[in-house]
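None of the values given here were measured: they were computed from a predicted structure. Each chain gets a letter, A, B and so on, in the order the sequences are listed, and its residues count up from 1.
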Number of protein chains: 2
Amino acid sequence: MTSGGSAGRGTRLGREVVVEQALALADADGLDALTIRRLADELGVTPMALYWHFSNKDELIDALTEHLFAQVALPEVRAGADWDTALRELQVAFVAALRPHPAVAPLARDRVLASRPGLVLAERSLGLLREAGFTAEQSAELGGYLLGAVVTLVTAEPGRAGPDDEAVRARRAALLTLSPREFPNIVEAAEPLSYCANDDAYYARGVELLIEGLRGLAGRGQPERA
Amino acid sequence: MTSGGSAGRGTRLGREVVVEQALALADADGLDALTIRRLADELGVTPMALYWHFSNKDELIDALTEHLFAQVALPEVRAGADWDTALRELQVAFVAALRPHPAVAPLARDRVLASRPGLVLAERSLGLLREAGFTAEQSAELGGYLLGAVVTLVTAEPGRAGPDDEAVRARRAALLTLSPREFPNIVEAAEPLSYCANDDAYYARGVELLIEGLRGLAGRGQPERA
DNA sequence: ACCTGAACACCGTTCAAGT
DNA sequence: ACCTGAACACCGTTCAAGT
């Protein structure tokens, strides 16, 4: 799908060029399509050429993931802001960075602590959770939940297909053949289960669910802060 | 890792045998190790033999996922129970079914509506969300969040490694080399970030976060039910 | 009905060369 | 320093046979 050699044949290779082409490839044809050989092809180079810049595929994936975290436009820290609104803004910024790249978003899950941009994001999240009154242990755990949930949100990726898309119609049709007596709620929700009408609302509500959950937990057994 | 031919050499093949061996293989060596060729090897059979029972690998994966959903021990429906406690019980049961199989848990995300056991679980979840006062549309969306979050919980899989495991020690050490001025919260939480001390608590709090979030959302703009 | 064998177009990666 | 070429041990899958 990505036109061969879009990085320009004369371009010096270098890690950034490779990473960007890898991202484009994965965005276009999925993570499975991101292979060393196809990537090399599109860069107009031999597969082995990539092994000069990355010792193996995993290291390339690491670099790609770091690139992803680097895209997050961290909101400014406003003194006196509530922890929950600040945390919501942070997660929204994270979602915004991942949304263009649903195919590679899952990579972020296991690699936050593996690169500087990821660490910066994690540090900010942890700080806000601590502000909410959670212990270091709880914050670590909750931070993991948050990261995972946001990635899941983006990976599910409601958009990408119109309401009359082939796959969407097939799924809706399949659900509508179910027995309304046995699966009343699924049949009733066949439409929203097969297609998301409003992406922005989908993401907003997803983040809201998490913030609301944290607020609930924070209000419980946690000691109030000064 | 899995001993070759553990399904017995004389056993008739059949879909169930294949699925169970596939699950064992993925549990032992991860989803990547689950290949048609290795699976056939362990079943003492030619790769092509599997193509008689499944038209391709994806169909095998579908069957495996259905098997996973079938393991969920659905809690009894108690009339008069609160929606939130019922929903928590349901999610806990789901977690319990997935916990032994963290490597294949991600498969559940895209395949709930593709098999009968999955549909049953989804129907129950949707019903409880409707009870909470959410619309069909909202319930569909929230049901998706729930499913994804639970899968993420299991996939992160805190257990599996002791506190002095090689990988755990390496990660902790890496975090401890960070600047405490730049990453105070990460350094403080280096221990819980690299190792989860209590798995059961981890899962319980994860589910609780979600239920708490739903309770928060339900208590807001939603119409109260009779 | 159920399984085998050979073949095809793919993978990631190593190792020895080239310039 | 940066890239190529041939080779190795893997993939999923098709197609024609075997029993």
| said: Please enumerate all residues that pass side chain to side chain contact (heavy atoms under 4.5 Å, CB included) together with A:Ala103, with sequence neighbours excluded. | reply: none
| field | Value in whole Å for how far the P atom of D:dC8 lies from CZ of A:Arg37 | value | 14 Å
| remark: Quick note, salt bridge (charged side-chain N to carboxylate O under 4.0 Å, His left out) partners involving residues 142-151 of chain B, not counting sequence neighbours, are none
| message | Please pick, from C:dC3, D:dC11, D:dC3, the nucleotide with the shortest atom-to-atom distance to any side-chain atom of A:Leu13. | response | D:dC3
| query | Is A:His53 near enough to D:dC3 that one of its side-chain N or O atoms lies under 4.0 angstrom from OP1 or OP2? | reply | yes
| field | Pair listing, salt bridge (charged side-chain N to carboxylate O under 4.0 Å, His left out) test, anchored in residues 89-102 of chain A, at least two apart | value | A:Arg78-A:Glu89, A:Arg99-A:Asp200
| Can you tell me how far C1' of C:dA9 sits from CG of A:Asp32, to the nearest Å? | 16 Å
Any protein N or O atoms within reach of nucleotides 14-19 of chain C? Criterion: under 3.5 Å, listing atom names and distances.
none

| B:Glu59 CD to D:dG12 P, straight-line distance once rounded to whole Å | 15 Å
| Between atom CG in A:Leu39 and atom P in C:dC10, what is the gap in whole Å? | 16 Å
| task | May I have the distance from B:Leu34 (atom CG) to D:dC10 (atom P), rounded to whole angstrom? | result | 17 Å
| said: Below the 4.0 Å mark, does C:dC11 have OP1 or OP2 next to a side-chain nitrogen or oxygen of A:Thr35? | reply: yes
| query | What stems, by residue range, does DNA chain C take part in, given at least 3 consecutive Watson-Crick or G-U pairs under 3.5 Å? | reply | C:4-8 with D:12-16, C:12-16 with D:4-8
| field | Sequence neighbours excluded - salt bridge (charged side-chain N to carboxylate O under 4.0 Å, His left out) pairs with any residue from residues 163-176 of chain A | value | A:Arg172-A:Glu191
| task | Using side chain to side chain contact (heavy atoms under 4.5 Å, CB included) as the criterion, list what pairs up with A:Ala197, not counting sequence neighbours. | result | A:Tyr195
| said: Would you say that B:Val207 contacts B:Phe94 through its side chain, given a criterion of any heavy-atom pair below 4.5 Å between the two side chains? | reply: no
| field | Partner residues of A:Val77 under the side chain to side chain contact (heavy atoms under 4.5 Å, CB included) criterion, sequence neighbours left out | value | A:Arg124
| Rounding to a whole Å, what distance do you find between A:Leu50:CG and D:dT4:C1'? | 12 Å
| request: Measure from CG on B:Leu60 to P on D:dC11 and round the result to the nearest Å. | output: 15 Å
When the side chains of residues 145-154 of chain A are checked against the rest of the protein, which donor-acceptor pairs come out under 3.5 Å, sequence neighbours left out?
{"from": "A:Tyr145", "atom 1": "OH", "to": "A:Glu141", "atom 2": "OE1", "distance (Å)": "3.4"}
{"from": "A:Tyr145", "atom 1": "OH", "to": "B:Tyr202", "atom 2": "O", "distance (Å)": "2.3"}
{"from": "A:Tyr145", "atom 1": "OH", "to": "B:Gly206", "atom 2": "N", "distance (Å)": "3.1"}
{"from": "A:Thr152", "atom 1": "OG1", "to": "A:Arg109", "atom 2": "NH1", "distance (Å)": "3.3"}
{"from": "A:Thr152", "atom 1": "OG1", "to": "A:Gly148", "atom 2": "O", "distance (Å)": "2.8"}
{"from": "A:Thr152", "atom 1": "OG1", "to": "B:Arg109", "atom 2": "NH1", "distance (Å)": "3.3"}
{"from": "A:Thr152", "atom 1": "OG1", "to": "B:Thr152", "atom 2": "OG1", "distance (Å)": "2.7"}

| request: Return the nearest nucleotide to the side chain of B:Thr46; candidates are C:dT4, C:dA1, D:dG12. | output: C:dT4
| request: Measure the distance from CZ on B:Arg15 to P on C:dC2 and round it to the nearest whole Å. | output: 12 Å
| Gap separating the CZ atom of A:Phe69 from the CG atom of A:Leu121, nearest 0.5 angstrom | 6.5 Å
